[in-house]
Amino acid sequence: MNQGLNRENSGTSFDMIQAIKPQAQGMWKLDDELETRIQSFEMGFRMQAEAQKVFDVSGESEATKKLTA
């Protein structure tokens, strides 16, 4: 995650963007480049949120932890 934001703040920002997106699409006729950029930001947020779970080794067995030490 962004070092300046915690998970809660990032989620709140993401929720706000999702809430205004339909209005923005109605106000602006989104071009393909802008829509692609929005999708990239959304995917980036989801990847950051999931990465914390994927790289959490606290649930690994002691034997596994010794292999990486």
Side-chain angles (χ1 to χ4, degrees):
M1 303 235 64
N2 181 325
Q3 295 300 326
L5 295 174
N6 62 33
R7 184 174 172 82
E8 182 179 316
N9 290 343
S10 295
T12 301
S13 297
F14 183 75
D15 292 341
M16 288 182 353
I17 291 168
Q18 289 299 98
I20 65 170
K21 185 178 174 184
Q23 295 169 339
Q25 286 175 326
M27 290 172 32
W28 308 311
K29 293 183 176 141
L30 294 178
D31 60 31
D32 290 339
E33 183 179 332
L34 182 55
E35 182 62 26
T36 299
R37 186 173 296 172
I38 291 169
Q39 290 175 2
S40 294
F41 283 124
E42 290 170 347
M43 181 173 59
F45 172 79
R46 289 190 303 271
M47 289 172 65
Q48 286 180 342
E50 291 299 314
Q52 291 178 345
K53 297 176 204 170
V54 172
F55 292 105
D56 180 10
V57 296
S58 63
E60 296 293 340
S61 69
E62 288 302 317
T64 301
K65 289 178 184 179
K66 287 179 183 177
L67 291 172
T68 60

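Atoms CD and CD, from Gln52 and Glu50 in turn, are 9.5 Å apart once rounded to the nearest 0.5 Å.
Every residue two or more places apart in sequence or in another chain that forms a salt bridge (charged side-chain N to carboxylate O under 4.0 Å, His left out) with Glu42 is listed here: Lys21. Applying the side-chain contact (heavy atoms from CB on, under 4.5 Å) test to Met43 and every residue at least two apart in sequence or in another chain returns Arg46, Met47. Evaluation of the side-chain contact (heavy atoms from CB on, under 4.5 Å) rule for Ser58 yields Asp56 as partners, not counting sequence neighbours. Qualifying side-chain contact (heavy atoms from CB on, under 4.5 Å) partners for Glu62, counting only residues two or more places apart in sequence or in other chains: Lys65. Arg37 is linked by a salt bridge (charged side-chain N to carboxylate O under 4.0 Å, His left out) to Glu33, counting only residues two or more places apart in sequence or in another chain.
Judged purely by atom type and a 3.5 angstrom limit, Ser40 uses its side chain to pair as donor or acceptor with the backbone of Thr36.
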